[in-house]
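Presented below is the structure to which this report refers.
Numbers here simply count residues along the sequence, with the first being 1.
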Amino acid sequence: MKSKIHEHLEKSIISVSKKLLLPLAAILLVLPSFAQSVNSDHQKAVALVQRMTLDEKIGQMTQVTLGVVSKPEDGVLDPAALAKIVVDHNIGSILNVTNHALTVAQWRTVLRQIQDAASKTRLKIPVIYGLDGIHGQTYTLDATLFPQNIGMAATRNTELAAAVTKVAAAELRASGVRWNFAPVLDCGRQPLWSRFPETYGEDVFIGKTMGAAVIKAYEGDGLRNPTAVASCMKHYLGYSASRTGKDRTPIYLPDIEMREYYLPQFRAAVQAGASTLMVNSGEINGTPVHASKYLLTDVLRKELGFRGVTVTDWEDIIRLHDRHNVAATPRAAVVMAVNAGIDMSMVPYDLSFYDLLKEAVQKGEVSISRINEAVTRILELKYKLGLFEQPYPEDAAAANFGRPEYQGLALQAAREAMTLLQNQDGILPLARNSHILVAGPGAQSISALNGCWSYTWQGQEEQWYPKDSKTILQALRDKLGAANVTTTTVPGFDSRDNYDTAALKAAAFNADAIVLCLGENAYAESPGNIGDLAMPEQQMALARTAAATGKPVILVLTEGRPRMITSIAPLMKGILLAYWSGRKTAEAISDVLLGDYNPDGILPFSYPRSMGEMVLYDRKPTEEVREIFNSNMTMDGYKPLFPFGFGLSYTSWEYSDLQLSGNQLKGGASLTISLTVKNTGSRDGKHTVELYTRQHYASITPSMRRLRAFTKLFLKAGEAATVKFTLRREDLAFVNAQLKTVTEPGEFDVMAGDKKAVFTYANTAK
């Protein structure tokens, strides 16, 4: 029998899927008509463009923020400003909020008023509204927030990623919004980067697999369906490869590295059907991406085959002039970006783009054919979304907001993200009769459980979170009783009382164990820039003080990126990495600490030991070597505090019987790898099986290992199962010196857990 917890979670995901996903058979039935609809939408867009004036076309290419048409009060529009923007200038898109999330009712009123204004224009072209729903519908009050992408990557569960995305899409559409600026597909190979929590971690395969699953979940029902929204793959390209780790700073990226680690996710996203794309705000090798015709046209359009809308990020066209200094005038910046391939400008505060682009066209600096191309893409998207047929928020969509089953799904996602990094002497799970001291700044912080894009941009204003949101302290008291859980903390991550080491020392006297809640408060983008990954000294002092009491300390980390804990890790009996896992983070933490859930999350990044050794799991052979000349050479150059893919369980797992369907993979054929996985412990649980390969020799130095596949399974105590993977030629490919993606003949290791086998790839194409 399955455990009650497993049954509950499985029912939760099935319930959501049944209500929000079209059955596969139904999808197959509508495919021919869908293709006809897409073609028809394009034809309609082309025909409409032919009827438009230059002013109307440029208006469609312009996007402004909500504040431009609003009064100071959130959710209240200014009729005169709205008329100026939408009626007088035919602006085609609005985005964002003024300060914080709105209610569903407020959003629907705002969207109706905007579309009312659009109905007064000559051609009655509806406005497309966009929001950053990064881990749920960020900007609707009481929307369901799930783990950030880094936490979803820790689940290694693509079905779960798709299920939470369906909820995000439904709650966006319920709010009247049909365009979501997600998912982030930037590869998280620089943990200093402040947008690291929005990534799927350091591995390319996870990024492209999760990303494609999410895009299909956003759009798979068909964009006219009230459960779907247009997705936006971002930030194209290489945004996360910042040299310093700061947001919007220069990137120096060889083409071979770009194509190996940063382009595959976008290629997969295009193939998955992403409707739109947002551009990297930075510059690569001195060329701002917003000005790169090579990246925006040659690679994106001609090579990847993308046919959707390309939108800038915030203010990024004018920054070609005033920050990057590659355009001598603001108009030159507009000309540069539009000719490179930009379709829509997130201006976002004024009509400068509108005026400058009109002037540029009149002067012959931008061709009318380039304008028509961009506007056709924008209008086609609006047709696909059904905005011309029904521009107003649909009644059918409203019923999909806040369904009870979403809470179960949020809990499931948070539980599966929890990654147990240390469990000395079996300290976890804690005994039910334990007296617990809860300490640290994260103990009574809601924002530190959710992170960025949580009802506000930065996510730190806790008054906007749902009233039933729980802290770690509350969740533990719910399970153990208030009398058994004491604390030295107060609400507010930055409150001085939360760092009082003397109070911690005194309060620990009667405790059986200390749950120490450290990490990061919420941040987004540039406000999250830091100089290094060191955990703040105030928090380190708490850890040292807690350990000095002699009581066992369980460190709970709520953080968006790996902060250095190397010096305190040996002092901790247990370490649980909770990431920023959304609305049910506290409940998931308490479930794991007390054994109501068997942890199964695994690291999507290498947790660094020091700032001087930021070596990633897919390192090169020379990174493996500590000393290459002397006789004491060792092969432990990859020595993180916790390696990529690591995560403990309350049960034990054993691999055996690794078998290949043959010892050679030929040409376009496939190779099947099977192995037996057994739960050898005393508890039921889930477990991720990862498959890696390593090529022995290649024209480009091969990595020590690359993740090629993963699957997650549930096994009862003592149960075993056979897991099968399939490898093909393209799974073994890499980018060569000529920038071609190739698979070269030779020997390969295939690895799963502690098991390894060897096979040969032979190219029989000749």
Inspect the contact between [Y] and [X] and indicate whether a charged nitrogen and a carboxylate oxygen are less than 4.0 angstrom apart.
X: Glu613; Y: Lys639; result: no
X: Glu159; Y: Lys712; result: no
X: Arg319; Y: Glu315; result: yes

Polar contact flag, side-chain donor to acceptor under 3.5 angstrom, [X]-[Y]:
X: Trp179; Y: Thr276; result: yes
X: Thr711; Y: Arg156; result: no
X: Thr199; Y: Asn149; result: no
X: Glu171; Y: Thr140; result: no
X: Thr743; Y: Glu730; result: no
X: Asp316; Y: Ser281; result: yes
X: Ser242; Y: Thr249; result: yes
X: Tyr523; Y: Arg561; result: yes
X: Gln458; Y: Trp453; result: no
X: His696; Y: Asp749; result: yes
X: Ser275; Y: Glu219; result: yes
X: Tyr692; Y: Glu690; result: yes

Which heavy atom of [X] sits nearest a heavy atom of [Y], and at what distance?
X: Cys232; Y: Val311; value: SG-CG1, 4.3 Å
X: Ser194; Y: Ser526; value: OG-N, 4.1 Å
X: Ala168; Y: Gly136; value: CB-CA, 3.9 Å
X: Pro621; Y: Pro702; value: CD-O, 3.0 Å
X: Leu385; Y: Arg178; value: O-NH1, 2.8 Å
X: Gly207; Y: Tyr200; value: CA-CB, 3.9 Å

*Among all residues two or more places apart in sequence or in another chain, which pass the ring pair (Phe, Tyr, Trp, His ring centres under 6.0 Å) test with His235?*
Tyr239

*For Tyr761, what residues pass the ring pair (Phe, Tyr, Trp, His ring centres under 6.0 Å) criterion, not counting sequence neighbours?*
none

Atom [atom1] of [X] and atom [atom2] of [Y]: how far apart are they, to the nearest 0.5 Å?
X: Asn157; Y: Gln412; atom1: CG; atom2: CD; value: 7.0 Å
X: Leu160; Y: Arg415; atom1: CG; atom2: CZ; value: 12.0 Å
X: Leu420; Y: Ser649; atom1: CG; atom2: OG; value: 8.5 Å
X: Leu295; Y: Leu237; atom1: CG; atom2: CG; value: 6.0 Å
X: Leu641; Y: Met564; atom1: CG; atom2: CE; value: 9.0 Å
X: Leu277; Y: Thr312; atom1: CG; atom2: OG1; value: 11.0 Å

Donor-acceptor pair, distance only, cut-off 3.5 Å: does the side chain of [X] make one with the backbone of [Y]?
X: Asn529; Y: Asp247; result: yes
X: Tyr455; Y: Ala143; result: yes
X: Lys166; Y: Ala228; result: no
X: Thr741; Y: Phe734; result: no
X: Thr585; Y: Leu449; result: yes
X: Ser703; Y: Asp618; result: yes
X: Arg563; Y: Ala534; result: yes
X: Gln265; Y: Gly211; result: no
X: Arg189; Y: Cys187; result: no

*Taking everything shown except Lys293 itself, do over 12 heavy atoms lie less than 6.0 Å from its NZ?*
no

_Just checking Lys620: does its NZ atom have more than 12 heavy atoms from other residues, nucleotides or ligands closer to it than 6.0 angstrom?_
yes

*asked:* Tell me if the centroids of the rings in Phe710 and Phe725 come within less than 6.0 Å of each other.
replied: no

Indicate yes or no: at least one non-hydrogen side-chain atom of [X] is less than 4.5 angstrom from one of [Y].
X: Met611; Y: Leu533; result: yes
X: Leu671; Y: Arg728; result: no
X: Leu304; Y: Gln271; result: no
X: Tyr638; Y: Glu623; result: no
X: Val689; Y: Tyr655; result: yes
X: Asp203; Y: Leu616; result: no
X: Ile700; Y: Val735; result: no
X: Glu202; Y: Ser606; result: yes

*asked:* For Thr138, give me all partners under side chain to side chain donor-acceptor pair (under 3.5 Å), at least two apart in sequence or on another chain.
replied: none

*Run the salt bridge (Lys or Arg N to Asp or Glu O under 4.0 Å) check on Asp186 and Lys208 step by step: do they pass?*
CA-CA 10 Å; Asp186 303 301; Lys208 70 180 185 181; over 6 Å; no

*Sort out for me which residue in Asn450, Thr165, Val167 forms a side-chain contact (heavy atoms from CB on, under 4.5 Å) with Phe146.*
Val167

Without placing hydrogens or testing angles, list every side-chain donor-acceptor pair under 3.5 Å for residues 250-257, not counting sequence neighbours.
none

*Please work out which of the three classes, parallel, tilted or perpendicular, describes the rings of Phe196 and Phe605, given edges at 30° and 60°.*
perpendicular

*asked:* Could you check whether Arg708 makes a cation-pi contact with Phe748, meaning its NZ or CZ is under 6.0 Å from the centre of the six-membered ring and within 45° of the ring axis?
replied: no

*For side chain to side chain donor-acceptor pair (under 3.5 Å), just list the numbers for Thr287 and His324, CA-CA rounded to whole Å, side-chain angles, deciding distance to a tenth of an Å, and then say yes or no.*
CA-CA 9 Å; Thr287 300; His324 297 288; over 6 Å; no

*Any pair with a residue in residues 257-307 that passes ring-ring contact (aromatic ring centres under 6.0 Å, His included), sequence neighbours left out, goes on the list, sorted by first then second residue, please.*
Tyr236-Phe266

*Got a sec, which pairs hit salt bridge (Lys or Arg N to Asp or Glu O under 4.0 Å) with one end in residues 227-237, sequence neighbours left out?*
Asp132-Lys234

